[in-house]
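Reviewing the structure listed below.
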Protein chains: 4
Amino acid sequence: MSNKGDYLKRLRRLEGQARGIQGMVTEDKYCIDILTQISAMTSALQSVALGLLDDHLNHCVLEAASAGGPEADRKIQEASQAIARLVRS
Amino acid sequence: MSNKGDYLKRLRRLEGQARGIQGMVTEDKYCIDILTQISAMTSALQSVALGLLDDHLNHCVLEAASAGGPEADRKIQEASQAIARLVRS
Amino acid sequence: MSNKGDYLKRLRRLEGQARGIQGMVTEDKYCIDILTQISAMTSALQSVALGLLDDHLNHCVLEAASAGGPEADRKIQEASQAIARLVRS
Amino acid sequence: MSNKGDYLKRLRRLEGQARGIQGMVTEDKYCIDILTQISAMTSALQSVALGLLDDHLNHCVLEAASAGGPEADRKIQEASQAIARLVRS
């Protein structure tokens, strides 16, 4: 992973957002404001996923593809399936 | 909100997922496995959002619409904008 | 529907985009360029859906909610399910 | 492209769906039914995109990665950007 510290920081922020939304629910904050926070959290989560996927393609997949053989095919297939899960989630 | 306890439970689980993914990053787990967890977390987050939105339509929007007047229009517009943010996030 | 002519124009454009992408496939255009067109088409489609949903909430749902009774509940439930399909598609 | 005929068939079906939805708008069909068709069309479109992307990774990207050098990096970056557009659209 190219920048572990950066991912950890973003994931800690996501954990904080999940906690913040709990606080909003507990204090009966307005539904629409809670939904706005959830949309922001979803975008942040997608952005982490796209970063990880880019790293994965640049390292793991690129290396396997250079080496060639069935491992290269397997890595590409695995990446394709992960992309499909992201697009559909 | 129809079931505050249920939302809090789901949000605590989301907080735990964000923490679990941090652990995976720290321990250099395989990227594809981390991405699978992120997809699951995104789906769980969307599901909380759809539940909150359904509650909001059933209570806040329905009441305002019964009362009528500009407040009804305002509530519908606000809900539409929240839906657009969800669909696009 | 508030503006039938506008929806028809946007849907005809979407039909044209689907035809244009067929042309790109036939002529072996570069995959990434085809994907860019598909992303644009998906956004345009979502935008039509959000417009229709907004119209639906402002007319059908608002009227049913003003009238009250089980029909109002049914309309809200139906709208919620349509929103869930959009968010998850 | 691994199966041009199959993509063309699916794209013609998408063109037909766009035309069918125009018919529904013209005949003032119920909004919720139109939205159901749009969700189906969006899923079909995503599925074409995921197929094309998988083909692209298996051919174009795999070949460039085997050859190595800056072209490999460029292809990976290009694919990453296309994936980001899909996930966010």
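Within every chain, numbering begins at 1; the chains are lettered A, B, ... in the order of the sequence lines, protein sequences first and strands thereafter. The figures here come from the full heavy-atom set of this structure, side chains too, leaving out hydrogens, waters and symmetry mates.
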Next on the checklist: Under a 4.5 Å cutoff for heavy-atom pairs, which residue among R12(C), R10(C), H56(C), Q22(C) has the most contacts with chain D?
Outcome noted: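 Of the candidates given, the most pairs with chain D belong to Q22(C).
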Item to check | Among the listed options V48(C), L52(C), V25(C), D55(C), the residue most often paired with chain D at heavy-atom distances under 4.5 Å | outcome: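 Ranked by heavy-atom pairs under 4.5 Å with chain D, first place is V25(C).
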Atom pair [atom1]/[atom2] of [X] and [Y] - distance to nearest 0.5 Å:
X	Y	atom1	atom2	result
I32(C)	L53(D)	CD1	CG	7.0 Å
L14(D)	L14(C)	CG	CG	10.0 Å
M24(D)	L11(C)	CE	CG	11.0 Å
L45(D)	Q17(C)	CG	CD	9.0 Å
L35(C)	L86(D)	CG	CG	5.5 Å

Item to check | Contact origin within I21(D) toward chain C - heavy atom pairs under 4.5 Å | outcome: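 The answer is both parts of I21(D).
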Next on the checklist: Which atoms of K9(D) are under 4.5 Å from chain C, going by heavy atoms: the side chain, the backbone, both sets, or neither?
Outcome noted: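 No part of K9(D) comes within 4.5 Å of chain C.
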Checklist entry - Contact part of Q46(C) toward chain D, heavy-atom cut-off under 4.5 Å: side chain, backbone, both or neither? => result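 The side chain, not the backbone.
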Next on the checklist: At a 4.5 Å cut-off on heavy atoms, which part of I34(C) comes close to chain D: side chain, backbone, both, or neither?
Outcome noted: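 Only the side chain of I34(C) comes within 4.5 Å of chain D.
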Checklist entry - Which heavy atom of S39(C) sits nearest a heavy atom of S89(D), and at what distance? => result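 In this case the closest contact between S39(C) and S89(D) is O-CB, 3.8 Å.
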Next on the checklist: Just so I understand: if I count every heavy-atom pair under 4.5 Å between each of R88(D), Q81(D), R19(D) and chain C, which residue has the most?
Outcome noted: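 That would be R19(D).
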Item to check | Within-4.5 Å side-chain heavy-atom neighbours: D28(C) and K4(D) | outcome: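 Yes, at least one pair of side-chain atoms sits under 4.5 Å.
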Checklist entry - Would you say Y30(D) and E78(C) make side-chain contact, with heavy atoms under 4.5 Å? => result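 Result yes, sub-4.5 Å side-chain heavy-atom pair found.
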